[in-house]
Number of protein chains: 2
Amino acid sequence: MQAINDAMSLLSGKWKFHILGTLIEGNTLGFMDLLREIDGIGTKMLSKELQDLEMNNLVSRTVMNTKPITVEYSITEYGKTLSSLIDELAKWGTAYRKSVYSENKK
Amino acid sequence: MQAINDAMSLLSGKWKFHILGTLIEGNTLGFMDLLREIDGIGTKMLSKELQDLEMNNLVSRTVMNTKPITVEYSITEYGKTLSSLIDELAKWGTAYRKSVYSENKK
DNA sequence: TTTAGTAGTTTCCTATAGGAAACTACTTTC
DNA sequence: GAAAGTAGTTTCCTATAGGAAACTACTAAA
């Protein structure tokens, strides 16, 4: 059960799963891409959470030599080990949403 | 990705996964059992989180006709649909912990 | 030279999550 | 009748998570 603590210490917060999920399906995205794709997140949180994820080697950050400067975020090989977990979370969430919906129809 | 929001709205907080994991492996436990098994949790949080989980039909609460009164908490059938998710989370956490350990040995 | 795009950082604020400790209430045992 | 066990609730407090808005800094296009 301590393992759950370890996992959640990296994945806690409102946005981590979102960011990871978006990067897993989108492969590489810029800062603005993420800001647009992740509904409701602001620049401060996105920046901070990306730093967290980068520190833990779940996400890589590459500054591109372009004008204007662009930055590419992508999921690392290590980050990909979370794919099935995030898939299951999303699947469960979908099923839950459906069950609430059918409940409300009664 | 909205599905992740839905899932996390039920599972957010420091203790939900712990409680669910403990109930999945322990089957039925009393309030004091949970308090003893979940390291660090206090009565207030345990009580509040159990109420949340019960409201969402993930955990069932049964008052037993004993003296002194005892209450049995157990995972519901619906709650069991989270088993594989929690398993994977724990597995991932274990692997992560091992990788940090071997990193520190270098 | 002003506008718009890139990628953030900083400041200020508030809501809430969560902890510690004390308390209720009831019963049985010592 | 005091202590210890059941299962919580209540109060008080603080740390932090997270949001809004303004700001930096650089470049290209208009």
Side-chain angles (χ1 to χ4, degrees), chain A residues 1-2 4-5 7-23 26-56 58-75, chain B residues 1-2 4-5 7-23 26-56 58-75:
Chain A
M1 286 300 129
Q2 177 59 29
I4 288 179
N5 271 343
M8 291 317 278
S9 71
L10 300 195
L11 302 172
S12 66
K14 194 174 172 181
W15 300 110
K16 298 258 170 58
F17 282 114
H18 262 260
I19 295 172
L20 291 170
T22 306
L23 285 173
N27 225 16
T28 87
L29 295 166
F31 187 83
M32 286 299 153
D33 296 331
L34 286 165
L35 201 60
R36 277 185 287 261
E37 288 216 23
I38 302 173
D39 196 50
I41 199 169
T43 57
K44 193 189 78 170
M45 275 301 117
L46 180 54
S47 169
K48 191 213 140 213
E49 297 295 68
L50 283 169
Q51 281 170 28
D52 278 13
L53 294 169
E54 196 195 349
M55 260 195 294
N56 289 314
L58 296 172
V59 158
S60 72
R61 177 181 184 274
T62 313
V63 179
M64 304 305 283
N65 189 18
T66 54
K67 305 282 174 67
I69 193 176
T70 51
V71 178
E72 286 190 350
Y73 289 97
S74 45
I75 194 96
Chain B
M1 286 301 128
Q2 178 59 29
I4 288 177
N5 271 343
M8 292 316 279
S9 71
L10 301 194
L11 303 173
S12 65
K14 193 173 171 180
W15 300 109
K16 299 259 170 59
F17 282 113
H18 263 261
I19 295 172
L20 291 169
T22 306
L23 284 173
N27 225 15
T28 86
L29 295 167
F31 188 83
M32 285 298 153
D33 296 330
L34 286 165
L35 201 60
R36 276 184 287 262
E37 287 215 23
I38 302 173
D39 195 49
I41 200 168
T43 56
K44 191 190 78 170
M45 276 301 116
L46 180 55
S47 169
K48 191 213 139 212
E49 297 295 67
L50 283 170
Q51 281 172 27
D52 278 12
L53 294 170
E54 196 196 349
M55 260 195 294
N56 289 314
L58 296 172
V59 159
S60 72
R61 177 180 183 275
T62 313
V63 179
M64 304 306 281
N65 189 18
T66 54
K67 304 283 174 66
I69 193 176
T70 50
V71 177
E72 286 190 351
Y73 288 97
S74 45
I75 194 96

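Throughout, a chain's letter reflects where its sequence line sits, starting with A, and its residues are numbered from 1. Every value quoted in this text rests on a predicted model; they were computed, and no experiment measured them.
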Would you kindly give the [atom1]-to-[atom2] distance between [X] and [N], to the nearest whole Å?
X: Leu50(A); N: dT9(C); atom1: CG; atom2: C1'; result: 14 Å
X: Phe31(A); N: dA25(D); atom1: CZ; atom2: P; result: 17 Å
X: Ile19(B); N: dA7(D); atom1: CD1; atom2: C1'; result: 15 Å
X: Leu34(A); N: dG8(C); atom1: CG; atom2: P; result: 10 Å
X: Asn65(A); N: dT27(D); atom1: CG; atom2: P; result: 12 Å
X: Leu35(A); N: dT6(C); atom1: CG; atom2: C1'; result: 12 Å
X: Lys67(A); N: dT6(C); atom1: NZ; atom2: C1'; result: 13 Å
X: Arg61(A); N: dT6(C); atom1: CZ; atom2: P; result: 15 Å

(request) In sequence, state the C-alpha distance, the side-chain angles, and the governing distance for Phe31(A) and Leu50(A), and then conclude on side chain to side chain contact (heavy atoms under 4.5 Å, CB included). (result) CA-CA 9 Å; Phe31(A) 187 83; Leu50(A) 283 169; 4.0 Å; yes
(request) Give a yes-or-no answer on whether the side chains of His18(A) and Asp39(A) include a donor-acceptor pair shorter than 3.5 Å. (result) no
(message) Can a side-chain donor-acceptor contact be found between Thr43(A) and Ser47(A) if the only test is distance below 3.5 angstrom?
(response) no
(request) Tell me, with the steps shown, if Met8(A) and Asn5(A) meet side chain to side chain contact (heavy atoms under 4.5 Å, CB included). (result) CA-CA 5 Å; Met8(A) 291 317 278; Asn5(A) 271 343; 5.7 Å; no
(message) By the definition side chain to side chain contact (heavy atoms under 4.5 Å, CB included), identify the one residue from Ile75(A), Leu35(A), Leu34(A) that meets it with Leu29(A).
(response) Leu34(A)
(request) Look at the side chain of Pro68(B) and decide which nucleotide, out of dT6(C), dG5(D), dT9(D), has an atom nearest to it. (result) dG5(D)
(request) Just compare dT6(D), dA7(C), dT27(C) and give me whichever is closest to any side-chain atom of Met32(B). (result) dT6(D)
(message) Using a heavy-atom cut-off of 4.0 Å across all strands, would you classify Thr70(B) as base, sugar-phosphate, or nothing?
(response) sugar-phosphate
(message) Once you apply a heavy-atom cut-off of 4.0 Å, does Glu72(A) come out as touching a base, just sugar-phosphate, or nothing?
(response) nothing
(request) Starting at CG of Leu58(A), measure out to CG of Leu20(A) and round the result to the nearest 0.5 Å. (result) 6.0 Å
(request) Nearest 0.5 Å please: distance from the CD1 atom of Ile4(A) over to the OG atom of Ser9(A). (result) 12.0 Å
Name the pairs: protein N/O against N/O of nucleotides 13-18 of chain C, kept only if under 3.5 Å.
| unit_1 | atom_1 | unit_2 | atom_2 | d |
| --- | --- | --- | --- | --- |
| dG18(C) | OP1 | Lys14(B) | N | 2.8 |
| dG18(C) | N7 | Lys44(B) | NZ | 3.4 |

(request) Might you point out which heavy atoms bring Leu11(A) and Lys16(A) nearest each other, and give the distance in Å? (result) O-CB, 3.6 Å
(request) Would you name the heavy atoms of Ser74(B) and Leu23(B) that are closest together and state the gap between them? (result) CA-CD2, 4.2 Å
Would you say [N] has OP1 or OP2 under 4.0 Å from some side-chain N or O of [X]?
X: Gln51(B); N: dT9(D); result: yes
X: Thr43(B); N: dG8(D); result: no
X: Arg36(A); N: dG5(C); result: no

(request) Enter the inter-axis angle for the ends of the helix from dT1(C)-dA30(D) to dC30(C)-dG1(D) (five pairs per end, rounded to 10°). (result) 20°
(request) Might you work through the side chain to side chain contact (heavy atoms under 4.5 Å, CB included) test for Trp15(B) and Leu46(B), ending with a clear yes or no? (result) CA-CA 8 Å; Trp15(B) 300 109; Leu46(B) 180 55; over 6 Å; no
